[in-house]
Amino acid sequence: MPVKHTIQSSVLHLVFSAGQGAFEACRKASAAGDTVVFLDNGVRQLLLGEPGKLLPPGVAVYYSEPDLQARGLASPARDLQVRTLKDGAFPSLLENHPHCLSWK
């Protein structure tokens, strides 16, 4: 009988919407080793508190720094000490995650 190997692969989740539906779907689909990035209007999730605390343990959470700045949320992000991400960091995130899901 052949041996089956299970390959653990991480997922990059991109949350583009400020609506609870997008984040809730992302939360349910995320697992340890995944990365969640809040982009575009998704950075407004920060106004509801730090949503990264609602994700499973072991999920890395980032907020797009340019999107935070564009929406006047850079200061609250600093106050909450969330991790931010500059646009130039996206290629390496995509390279390190074999799967990518967008939540709108």
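What's counted below: heavy atoms across the whole structure, side chains too, no hydrogens, waters or symmetry copies.
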Answer yes if [X] and [Y] sit in the same cluster of Ile, Leu, Val, Met, Phe, Trp and Tyr residues linked by side chain heavy atoms under 4.5 Å apart, and no otherwise.
X: Phe16; Y: Leu101; value: no
X: Val82; Y: Leu73; value: yes
X: Val59; Y: Val11; value: yes
X: Tyr63; Y: Val36; value: yes
X: Leu12; Y: Leu55; value: no

Heavy-atom pair of closest approach, residues [X] and [Y]:
X: Lys104; Y: Ser17; value: C-CB, 3.6 Å
X: Trp103; Y: Ala29; value: CZ2-CB, 3.8 Å
X: Ala22; Y: Val15; value: CB-CG1, 4.5 Å

>> With side chain to side chain contact (heavy atoms under 4.5 Å, CB included) as the criterion, how do Phe38 and Leu68 come out once you've worked through the C-alpha distance, each side chain's angles and the decisive distance to 0.1 Å?
In response: CA-CA 9 Å; Phe38 292 93; Leu68 286 167; over 6 Å; no
>> Checking side-chain contact (heavy atoms from CB on, under 4.5 Å) between Leu14 and each of Val37, Leu94, Leu93, which is the one that passes?
In response: Val37
>> Please evaluate residues Leu80 and Leu46 with respect to the criterion side chain to side chain contact (heavy atoms under 4.5 Å, CB included), reporting the C-alpha separation (whole Å), side-chain torsions for both, the decisive distance (0.1 Å), and the verdict.
In response: CA-CA 9 Å; Leu80 290 172; Leu46 190 64; 3.4 Å; yes
Which pairs with one or both residues in [range] pass side-chain hydrogen bond (donor to acceptor under 3.5 Å, both in side chains), sequence neighbours excluded?
range: residues 23-34; result: His13-Asp34, Glu24-Arg27
range: residues 80-95; result: Glu65-Thr84
range: residues 66-79; result: Asp40-Arg71, Asn41-Arg71, Ser64-Asp67

>> Set out, in order, the CA-CA distance, both residues' side-chain angles and the distance that settles side chain to side chain contact (heavy atoms under 4.5 Å, CB included) for Leu85 and Phe90, then state yes or no.
In response: CA-CA 8 Å; Leu85 192 66; Phe90 282 107; 3.8 Å; yes
> Are the side chain of Gln20 and the backbone N or O of Gln45 linked by a donor-acceptor pair below 3.5 Å?
Replying inline: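 Looks like no, no N/O pair under 3.5 Å.
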> When you look at Thr35 and His97, which way does the side chain to side chain donor-acceptor pair (under 3.5 Å) test go after all the steps?
Replying inline: CA-CA 8 Å; Thr35 298; His97 293 82; 2.9 Å; yes
> Which is it for Leu54 and Phe23 under the side chain to side chain contact (heavy atoms under 4.5 Å, CB included) test, yes or no, and what are the steps along the way?
Replying inline: CA-CA 10 Å; Leu54 300 174; Phe23 175 68; 3.9 Å; yes
